[in-house]
Protein chains: 2
Amino acid sequence: MESFEDDAKIFKALCDPKRLAILAQLREGEKCACVLQEPMDLTQSGLSYHMRILCESGIVESRQKGKWTHYRLSEEGGRVTVERLLAILTPDARKGKRLSCCCRK
Amino acid sequence: MESFEDDAKIFKALCDPKRLAILAQLREGEKCACVLQEPMDLTQSGLSYHMRILCESGIVESRQKGKWTHYRLSEEGGRVTVERLLAILTPDARKGKRLSCCCRK
DNA sequence: GTCTCATATCAAAAATATTTGATGTATTCA
DNA sequence: TGAATACATCAAATATTTTTGATATGAGAC
């Protein structure tokens with residue numbers, strides 16, 4: 001079972017507008033860091049910081065080729081992310097659910 | 001079209017372990033604030049802060065009943081959240097995609 | 001009406017995340 | 001080999017989020 005911290009880390013990757021803008025670029029296909037940085041309001045080290053968060057969440061994968069780093073959406077990472085989201089948001093069907101009663105006292 | 005900020009706000013609700021723990025409680029069904037707070041390491045105002053973020057994201061709905069506030073997962077909010085996640089993570093199938101070439105210079 | 005309870009809101013403090021600029025490390029190219 | 005390029009990493013500055021404690025609001029009980 002995933003911990004709340006592990007799940008939080010996945011969704012942390014998605015909660016920043018700049019990272020979402022980066023992901024939007026990656027939907028078009030694999031891109032290297034310099035191409036990703038070009039249209040964005042980010043320094044080189046700023047981009048590197050965000051790419052690390054995206055990669056550590058599992059949502060993005062990277063590949064070295066010579067002096068370039070190429071980034072792409074991870075199929076597996078996306079699958080896990082959707083799976084975790086559904087697990088978090090799907091009501092529990094178990095019997096004997098506690099009611100919303102506040103009159104315990 | 002959703003803005004990156006709007007989407008970020010949705011996922012911001014999911015990127016904190018305490019909020020994920022609250023959502024886990026709500027999977028069991030509707031609960032009032034005092035019931036939610038009981039098992040958590042949160043002050044009353046701390047819970048209220050997190051509930052606001054969850055409600056503003058659309059993922060949770062609230063209902064007043066006398067002096068109690070009852071919270072529950074929003075079916076519509078969940079649907080929108082999954083939809084946005086898929087939109088963000090699904091590769092773009094458009095023709096003419098830019099390649100990952102770094103050799104522009 | 002007054003009292004208590006459940007919750008929201010506010011401002012200050014504390015914690016965490018992001019940005020920035022400098023520096024380090026490979027790698028390519030001359 | 002030495003210079004330039006692409007990127008990562010680090011520490012300090014800045015910005016944002018979360019926590020805390022005090023106070024406000026509104027409902028029900030008395």
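Just so we're on the same page: letters track the sequence lines, and every chain starts at 1.
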Handout entry: C/dT9 OP1/OP2 closer than 4.0 Å to side-chain N/O of B/Arg52
Key =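 So the side chain of B/Arg52 is within the cut-off, an N or O lying under 4.0 Å from OP1 or OP2 of C/dT9.
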Shortest non-hydrogen contact from [X] toward [Y]:
X       : Y       : value
A/Phe11 : A/Ile88 : CE1-CD1, 3.6 Å
A/Val60 : A/Met51 : CG1-CE, 4.3 Å
B/Arg19 : B/Ile53 : NH1-CD1, 3.5 Å

Rounded to the nearest Å, what distance is computed from the [atom1] atom of residue [X] to the [atom2] atom of nucleotide [N]?
X       : N      : atom1 : atom2 : result
A/Gln64 : D/dT5  : CD    : C1'   : 14 Å
B/Gln44 : D/dA22 : CD    : C1'   : 12 Å
B/Ile22 : C/dT7  : CD1   : C1'   : 14 Å
A/Trp68 : C/dT25 : CH2   : C1'   : 17 Å
B/Glu56 : D/dT17 : CD    : C1'   : 14 Å
A/Met51 : C/dT19 : CE    : C1'   : 17 Å
B/Leu47 : C/dA8  : CG    : P     : 8 Å
B/Lys31 : C/dT7  : NZ    : C1'   : 19 Å

Practice task
Scan A/Ile53 against the nucleic acid and name what it touches under 4.0 Å (heavy atoms): base, sugar-phosphate only, or nothing.
Solution key: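 Result for A/Ile53 = sugar-phosphate.
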Practice task
Kindly determine whether B/Leu26 and B/Arg72 satisfy side chain to side chain contact (heavy atoms under 4.5 Å, CB included), including the steps that lead there.
Solution key: CA-CA 6 Å; B/Leu26 292 180; B/Arg72 59 188 142 65; 5.5 Å; no
Handout entry: Residues which pass side chain to side chain donor-acceptor pair (under 3.5 Å) with A/Gln37, listed by chain and number, not counting sequence neighbours
Key =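 Testing A/Gln37 for side chain to side chain donor-acceptor pair (under 3.5 Å), a comparison that skips the adjacent residues, returns none.
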Exercise for the section: Please name all residues satisfying side chain to side chain donor-acceptor pair (under 3.5 Å) with A/Ser57, sequence neighbours left out, ordered by chain then number. Expected result: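 Residues passing side chain to side chain donor-acceptor pair (under 3.5 Å) with A/Ser57: none at all.
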Exercise for the section: Output the single nucleotide from D/dT5, D/dA8, C/dT7 whose closest atom is nearest the side chain of B/Tyr71. Expected result: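 Between D/dT5, D/dA8, C/dT7, the one nearest the side chain of B/Tyr71 would be C/dT7.
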Handout entry: Given D/dA8, C/dT28, C/dA8, the nucleotide with the shortest approach to the side chain of B/Ser48
Key =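 Of the options given, the side chain of B/Ser48 lies nearest C/dA8.
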Handout entry: 5' priority, DNA chain D, between A/Lys67 and A/Lys12 [closest heavy atom]
Key =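 Between the two, 5'-proximity favours A/Lys67.
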Problem - A/Leu14 with A/Tyr49, same ILVMFWY side-chain cluster at under 4.5 Å - result: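 Result: no, two separate clusters.
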What protein N or O atoms touch nucleotides 19-21 of chain D N or O atoms at under 3.5 angstrom, if any, and at what distances?
from   : atom 1 : to      : atom 2 : distance (Å)
D/dT19 : OP1    : B/Lys18 : NZ     : 3.0
D/dT19 : OP2    : B/His50 : NE2    : 2.4
D/dG21 : O6     : B/Ser45 : OG     : 2.9

